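Worksheet: one structure, shown below.
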Amino acid sequence: MKPSQSTPALMPRGFRLVPLVLATLVLTACASSAGIAPVVQRLEPRQLGLEAMAGQGTATAVPPEWWRAWDDPALSDLMDQALAAHPSLQVAQARVAKASALVDGQRGAGEPKLGATADATRQHFSANSIYPPPLGGSMQTLANAQLGASWELDFFGRHRADLEAAVGAQRAAQADLAASRNLLSAQVAQTYVQLGHLLSLRDVAQATLAQRQAMLDLIRQRVNAGLDTQVELRQGEGALPETRQTIEQLNEQIALVRHALAALVAAPPDHFDQLVPRIKQPSLLAAPAVVPADLLGRRADIQAARWRVEAATHGIDAAKAQFYPNVNLTAFVGLSSIGLSKLLESGSRQFGVGPAISLPIFDAGALRANLGSKTADLDAAVGAYNGVVIDAVRDTADQLASLQSIDRQRAQQQQAQSAAESAYAFARQRYAAGLSGYLTLLNAENAVLAQRRQAVDLQSRALAAQVGLVRALGGGYAADTPPVPGEQLAAQR
């Protein structure tokens, strides 16, 4: 009797695997990812008031090397040195290199692999085991030389998801590097402005010292003429050491700031002992009236947080793919013999090829735990993104408010200083003519000195606020890659 066509013996070998594959797919239901999903929602721009209205909320783009707008060669040289040598950037660059290496590693994980092995083992075979004499009880050499190949078929996208997660981490590291550059350049500029501020205050103090020395000479003339007493003379003399002390305090602060600048460019502490800032163009950019609507695309720290959300999202995809079967194709070809002399004979050939399927059935919850961990990573990444966005909006709003307020303060201060200078000039003339006392002159002098210091403070605050606004607006950052699509994140929820 002939076997029927449905008899398994007559089925093609490829079709014999179909029941096994079907059974595998059914059994995967034993390990389920149901009920595990992210819970943290990403903030939308409208929730933070970043929707553009009637064209508002945009600003002039910040150039990458924004500090050159100040037309100060010394500052430009400082920036070049700091951006080339600061350890924080070296650390960030190393993290980019590591992330790039991980991408290369993940890219090769799903590709076919080929390996070669060769070994020779001198072995005594048991006379009471499976090998009969003369092999049993003898010393022989086992030799093998083999090529092996394997290819894991990425049916369910696990390797693809791992690769995309690694790419997201790489792009986050690149954005972190840009954020570090932005922070460092702002720190250098702020320190440079602080040095200029202290030098200007010292100039005011030195001018005050000369002014009070001249006043003391006038007081002595009046004492000799009998117009003033020893009280006025002692007051005039006491003002000189007080001013010298102020100058010495400023010298100390100037030295410390110069040391800070030297540290930023990895130079010796005395490297900038003669440095004097010469900012020729006090304005960097036209400040917007409100927080720019495109702020989220300007800042590298926000982009880094977005890419971490992207990486965490693909991490969930990879964790879910582990619930499905893993299919490998393996093949080998080589030589195997007992005795080296027979290794190259045709009878020593061996080869094989076939698929291998593995799947999780009962794993004590390990896969669900892994998925839960990856889901928590996504929630943490989204939460971190929300925090960065909130801080960025607040930071930018603070810098805008400070800059606008300082502009108004400077307008009022200029009027106050003009009045104080005029009052001091009149008081000095009247005192020299004997028409008013020293106390009136002293009050007028204190008022004008306070206004001069206030003018220096506001000028420095304005420069520092411009640097702060440039930093808050991203420092000229331009993303090399597009941001994470909102639809892709929403699809994971």
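One-based numbering along the sequence shown. Here the structure is a predicted model, which is why all the values come from computation and not from measurement.
- Sorted by first and then second residue, the pairs that involve residues 106-152 and meet ring-ring contact (aromatic ring centres under 6.0 Å, His included), not counting sequence neighbours, are F125-Y131.
- A salt bridge is absent between K113 and E152; no separation between the charged side-chain nitrogens and carboxylate oxygens falls under 4.0 Å.
- Residue Y192 comes nearest to A74 through the heavy atom pair OH-CB, 3.6 Å, listed as atom of the first residue, atom of the second, then distance.
- Residues passing the side chain to side chain donor-acceptor pair (under 3.5 Å) test with R349: none are found, sequence neighbours excluded.
- When atom types are taken as modelled, the side chain of T121 and the backbone of Q123 share no donor-acceptor pair closer than 3.5 angstrom.
- D407 meets the salt bridge (Lys or Arg N to Asp or Glu O under 4.0 Å) test with no other residue; sequence neighbours excluded.
- In this structure, the salt bridge (Lys or Arg N to Asp or Glu O under 4.0 Å) partners of R299, at least two apart in sequence or on a different chain, are D301, D395.
- Taking both residues in full, the closest heavy atoms of L295 and A472 are given as CD1-O, 3.5 Å, listed atom of the first, atom of the second, then distance.
- Using a 4.0 Å cut-off between a side-chain N of Lys or Arg and a carboxylate O of Asp or Glu, R394 and D398 qualify as a salt bridge.
- The minimum heavy-atom distance linking L371 with F323 is given by the pair CD2-CE1, 4.0 Å.
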- Between H86 and Q81, is a side-chain contact (heavy atoms from CB on, under 4.5 Å) present by the stated rule, with each step listed? CA-CA 8 Å; H86 198 271; Q81 295 176 55; over 6 Å; no
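- A donor-acceptor pair is defined here as one N or O able to donate and one able to accept, closer than 3.5 Å; no such pair exists between the side chain of S348 and the backbone of L344.
- The side-chain hydrogen bond (donor to acceptor under 3.5 Å, both in side chains) analysis of residues 251-275, with sequence neighbours excluded, yields the pairs R202-N251.
- Residues forming a salt bridge (Lys or Arg N to Asp or Glu O under 4.0 Å) with D104 (at least two apart in sequence, or on another chain): R107.
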